[in-house]
Amino acid sequence: MVNTACDTQVPHVRMGALALKRCVGCGCKISDRFLLFALDGYWHCHCLKCSCCQAQLAEIGSSCFTKRGLILCKSDYIRLFGHSGACRACSKSIPANEMVMRAQGNVFHVKCFVCSICHNQLVPGDRFHYTNGKLYCERDRPTASAHRYDHMDSLREHNISEQKS
């Protein structure tokens, strides 16, 4: 969104060795004493706002989050994209720039998204079941008990043969 109220035709004006920058948010020249650099662009302090709560991000912290075209404060990022900002499996914090896996509103580190029985990594596209707070691969889902032990035996055999090589 560009503010048409400012003069958008003026080229960069040099002040000493520094050129005046244009704000990504409003399109106007930044002649303020302070400016922000975020998301590969320069911003007026009052233009870099959370897309949800409209808080000026420079006033509430030194970081901002972006996802799906939204610029967000930390609390709105967590509210929209994760209940606590922590992995459901290990309870450790998940950085905003890290890929995650989701199941029924819960967020997981990619490495923590594993079957509770066989501990195989579940990847995008895998069929899985989430029951009572636990992840299960298709073979180990709670209703597949007839096949569970065959699956575990084949995993044990595979692990033993790997150790011999």
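Keep in mind the model is a prediction, meaning the values are calculated, not measured.
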Q) Rounded to the nearest 0.5 Å, how far does CD1 of Ile60 lie from SG of Cys73? A) 4.5 Å
Q. Would you find more than 12 non-hydrogen atoms of other residues, nucleotides or ligands less than 6.0 Å from Lys111 atom NZ?
A. no
**Q.** Linked, directly or transitively: Val110 and Val114 (ILVMFWY side chains, under 4.5 Å)
**A.** no
Q | Derivation of the side chain to side chain contact (heavy atoms under 4.5 Å, CB included) call for Cys137 and Cys118 | A | CA-CA 8 Å; Cys137 67; Cys118 67; 3.9 Å; yes
Q: Identify the heavy atoms of Ser116 and Lys134 that sit nearest to each other, and give their distance.
A: OG-CB, 3.3 Å
Q: State whether the side chain of Gln104 and the backbone N or O of Gly133 hold a donor-acceptor pair below 3.5 Å, judged by distance alone.
A: no
Q: Answer yes if Tyr42 and Leu39 sit in the same cluster of Ile, Leu, Val, Met, Phe, Trp and Tyr residues linked by side chain heavy atoms under 4.5 Å apart, and no otherwise.
A: no
Q: To the nearest 0.5 Å, tell me how far Ile30 CD1 sits from Cys26 SG.
A: 7.0 Å
Q) Shortest non-hydrogen contact from Asp32 to His44? A) OD2-CD2, 3.2 Å
(Q) Could you report the tightest heavy-atom contact between Tyr136 and Cys115, atom names first, then the distance? (A) CA-SG, 3.9 Å
(Q) With side chain to side chain contact (heavy atoms under 4.5 Å, CB included) as the criterion, how do Cys50 and Leu72 come out once you've worked through the C-alpha distance, each side chain's angles and the decisive distance to 0.1 Å? (A) CA-CA 4 Å; Cys50 175; Leu72 302 164; 4.2 Å; yes
Q | Interatomic distance, Leu135 atom CG to Asp126 atom CG [nearest 0.5 angstrom] | A | 11.0 Å
Q. Where do Trp43 and Phe37 land on the side chain to side chain contact (heavy atoms under 4.5 Å, CB included) test, with the steps shown first?
A. CA-CA 6 Å; Trp43 300 75; Phe37 184 78; over 6 Å; no
(Q) If you compare all heavy atoms of His109 against all heavy atoms of Lys92, which two are closest, and at what distance to 0.1 Å? (A) CE1-O, 3.7 Å
Q: Would you confirm whether Ser93, through its side chain, and Ala86, through its main-chain N or O, come within 3.5 Å as a donor-acceptor pair?
A: no
Q. Nearest 0.5 Å, what's the CZ-SG distance between Phe113 and Cys87?
A. 10.0 Å
Q. Out of curiosity, does Val123 fall in the hydrophobic cluster containing Ile117 (side-chain heavy atoms, cut-off under 4.5 Å, transitive links)?
A. no
Q | Shared hydrophobic cluster, Met101 / Leu122 (ILVMFWY, side-chain heavy atoms < 4.5 Å) | A | yes
(Q) Applying salt bridge (charged side-chain N to carboxylate O under 4.0 Å, His left out), can you list everything that pairs with Arg127, at least two apart in sequence or on another chain? (A) Glu138
Q) Say you draw a straight line from SG of Cys53 to CG of Asp76; how long is it, rounded to the nearest 0.5 Å? A) 4.5 Å
Q: Show the numbers, then the answer: is there a side-chain hydrogen bond (donor to acceptor under 3.5 Å, both in side chains) between Arg88 and Tyr130?
A: CA-CA 12 Å; Arg88 170 78 171 151; Tyr130 188 69; 3.1 Å; yes
(Q) So which atom in Arg102 and which in Val107 form the shortest heavy-atom distance, rounded to 0.1 Å? (A) NH1-CG2, 3.2 Å
Q | Closest non-hydrogen atom pair, Cys45 against Leu36 | A | CA-CD1, 3.9 Å
Q.
I need the Cys47 SG to Ile71 CD1 distance, nearest 0.5 Å.
A. 10.5 Å
**Q.** Verify same cluster id: Leu70, Met99 (apolar side-chain graph, 4.5 Å)
**A.** no
